[in-house]
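Note sheet for the following structure.
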Amino acid sequence: MIQLDLNHAFLKEDVKAYQDQVRAIDEALQNGTCKGNDFIGWLNWANNYDKEEFSRIKEVAAKVRENTEVFVVCGIGGSYLGARAAIEMMNGLYGDNKPEIIYMGNTFSSTYISQVMNHIKDKEVTVNVISKSGTTTETALAFRILKQFMEEKYGEDAKNRIIATTDKARGTLKALADKEGYETFVIPDDIGGRFSVITPVGLLPIAVAGIDIDALMKGLHEGMGEYGDADLEKNPAYRYAVARRILQNQGYDVELLVNYEPQMQMVAEWWKQLFGESEGKDGKGILPDSVCFSTDLHSLGQFVQEGKKVLFETNLYVETPMIDLTFPNDEANEDGMNYLAGKSVDWANKMAAKGTLQAHEETGGVPNILLTMPGMTSYDFGNMCMFFFKAIAMTTLMNDSNPFNQPGVEVYKKNMFKLLGKE
């Protein structure tokens with residue numbers, strides 16, 4: 001369970017004063033009468049997911065791991081961010097887990113696409129294309145290039161090395177997959193992209209990375225209970241949601257998600273999509289941003305400490321690191337660092353976090369919310385997903401906005417299609 005500490009948040013209102021509003025919104029969410037109620041399948045997904053398909057995910061992932069050097073995930077937004085966040089958090093940035101996982105379909109950069117294609121040309125490759133419609137432009141562009149590459153490389157066997165995660169019955173990609181004979185997995189109709197890491201969208205790449213998806217689903221399931229009570233005294237996800245609204249009422253329009261683990265940076269990118277697309281509408285919402293300390297203390301730390309007071313920090317701490325090591329002794333001590341000899345490097349990281357909190361809170365006057373997760377395991381990731389899902393649903397509904405749509409995203413697409421000459 002994620003632990004929440006609001007003692008450093010400078011809240012000028014009592015969180016409990018919002019209890020009646022929270023209870024009413026939670027009832028609407030649970031009863032399916034809230035705004036966007038056609039996209040709340042994630043609420044009970046840990047109970048309702050297709051067990052047969054889940055088993056097939058594990059079987060296909062095992063086969064891919066046997067015959068693949070590079071697994072290409074072709075998708076954009078929620079179709080890749082969640083999986084990448086989970087894989088990097090749990091395996092680290094330089095883990096020796098095979099196969100290598102590369103992400104395409106998330107950019108129009110010709111340089112990036114060309115370099116990926118050159119990198120994979122002499123390797124054994126499997127492709128997972130992820131798109132509900134099959135017409136998302138960035139993904140469709142990359143997949144055409146990948147499809148032709150796979151067919152030239154493998155001939156008839158290419159169909160056995162392309163996996164489509166798409167709509168269960170309709171759409172361009174579903175039709176192509178049926179025509180070509182690709183293995184397919186289903187994107188549920190009632191779960192939006194930024195919530196989809198807990199579905200085959202995220203579970204297949206995560207399983208291919210050698211990660212225990214049973215434990216992930218267990219963490220998600222237990223999170224349903226831990227973050228399922230409408231009582232603010234018992235539900236840290238809802239208290240966090242209310243604290244965000246209080247802080248925005250106090251004039252803080254930017255939330256800076258802070259972590260102290262480089263392998264959590266893609267978790268922050270996933271979180272930014274989840275929060276930004278959910279509440280950034282109707283002229284409302286908090287701008288989500290992120291930093292990785294202590295690295296970014298040497299770039300943005302000055303602004304946080306002494307800049308304009310527009311932001312609050314949400315610190316996502318990890319109690320137990322994936323790996324720890326002991327700082328060595330050096331008899332010459334020319335660098336003057338022997339005061340750390342024999343001490344845990346993770347301990348030093350935690351002292352940096354403690355000192356930063358003290359500086360930003362006491363001297364900088366910056367509100368800080370503290371979240372602490374037990375570790376960076378598959379279970380922890382699943383549990384974290386439910387925490388943030390419930391929090392963003394509540395905090396957005398408190399603004400009387402729909403947490404589950406993203407109408408603003410369509411504007412750039414219409415302009416882009418016109419400029420590209422699409423009829």
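- For D122 (side chain) and I120 (main-chain N/O), no donor-acceptor pair under 3.5 Å exists by modelled atom type.
- Separation of atoms CG (D346) and CD (E319) is listed at 10.0 Å; rounding is to 0.5 Å.
- The shortest non-hydrogen separation linking I57 to A207 is CG2-CB, 4.3 Å.
- Heavy-atom minimum distance, I40 versus C34: CG2-SG, 4.3 Å.
- Neither side chain, T111 nor S109, offers a donor N or O lying under 3.5 Å from an acceptor on the other.
- Side chain of W45 to main chain of I198: a donor-acceptor pair is present (N/O by atom type, distance under 3.5 Å, no hydrogens or angles).
- Rounding to the nearest 0.5 Å places CG of L6 at 6.0 Å from CD1 of I369.
- Side chain of T166 to main chain of S131: a donor-acceptor pair is present (N/O by atom type, distance under 3.5 Å, no hydrogens or angles).
- Between F389 and F195, the ring planes lie tilted relative to each other; the angle falls in the 30° to 60° range.
- Between atom OG1 of residue T372 and atom CD1 of residue I2 there is a gap of 9.0 Å, rounded to the nearest 0.5 Å.
- A donor-acceptor pair shorter than 3.5 Å can be found between the side chains of T165 and N128.
- Shortest non-hydrogen contact noted between D282 and S401 is OD2-OG, 2.7 Å.
- Within 6.0 Å of the NZ atom in K16, the count of heavy atoms belonging to other residues, nucleotides or ligands does not exceed 12.
- For the side chain to side chain contact (heavy atoms under 4.5 Å, CB included) test with W271, the passing option among N259, I392, L257 is L257; the others fail.
- Proximity of the aromatic rings of Y49 and F54 is defined here by a centroid distance below 6.0 angstrom, and this criterion is met.
- Rounding to the nearest 0.5 angstrom, the gap separating the CZ atom in F388 from the OH atom in Y240 is 5.5 Å.
- The closest side-chain donor-acceptor pair between T396 and N399, if any, does not fall under 3.5 angstrom.
- E69 contributes no side-chain N or O that, together with a main-chain N or O of E100, makes up a donor-acceptor pair within less than 3.5 Å.
- Using modelled atom types and a 3.5 Å distance limit, the side chains of N315 and N368 yield a donor-acceptor pair.
- E88 places no side-chain N or O within donor-acceptor distance of the main-chain N or O of M264, the cut-off being under 3.5 Å.
- At least one side-chain heavy atom of Y103 sits under 4.5 Å from a side-chain heavy atom of I101.
- F381 and W270 have tilted rings, their planes meeting at an angle from 30° to 60° on a 0 to 90° scale.
- The minimum heavy-atom distance between Q273 and L81, with the atom names listed, is OE1-CD1, 3.5 Å.
- With hydrogens and angles ignored, the 3.5 Å screen pairs a side-chain donor or acceptor of R239 with a backbone N or O of E233.
- Counting non-hydrogen atoms of other residues, nucleotides and ligands closer than 6.0 Å to NZ of K218 gives a total of 12 or fewer.
- Between F293 and Y260, the ring-plane angle classifies as perpendicular under the 30° and 60° cut-offs.
- Y227 and N383 share a donor-acceptor pair across their side chains, judged by distance under 3.5 Å alone.
- With rounding to the nearest 0.5 Å, the separation of CD in Q19 from CG in D14 is 10.5 Å.
- Counting all heavy atoms, side chain and backbone alike, G301 lies closest to H360 at O-NE2, 4.3 Å.
- When the options R245, K272, R244 are evaluated for a salt bridge (Lys or Arg N to Asp or Glu O under 4.0 Å) with E255, the one that passes is R244.
- In terms of heavy-atom proximity, A391 sits nearest to A237 at CB-O, 3.6 Å.
- No donor-acceptor distance shorter than 3.5 angstrom exists from the side chain of D5 to the backbone of L371, with no hydrogens or angles considered.
- Atoms CG and CD1, on L216 and I211 in that order, are 8.5 Å from each other to the nearest 0.5 Å.
- Between the side chains of K35 and N405, no donor-acceptor pair of N or O atoms lies under 3.5 Å.
- A donor-acceptor contact closer than 3.5 angstrom links the side chains of Y18 and E13.
- In this structure a side-chain-to-backbone donor-acceptor pair under 3.5 Å is missing from K309 to V366.
- At a threshold of 4.5 Å between non-hydrogen side-chain atoms, the residues P321 and D324 count as touching.
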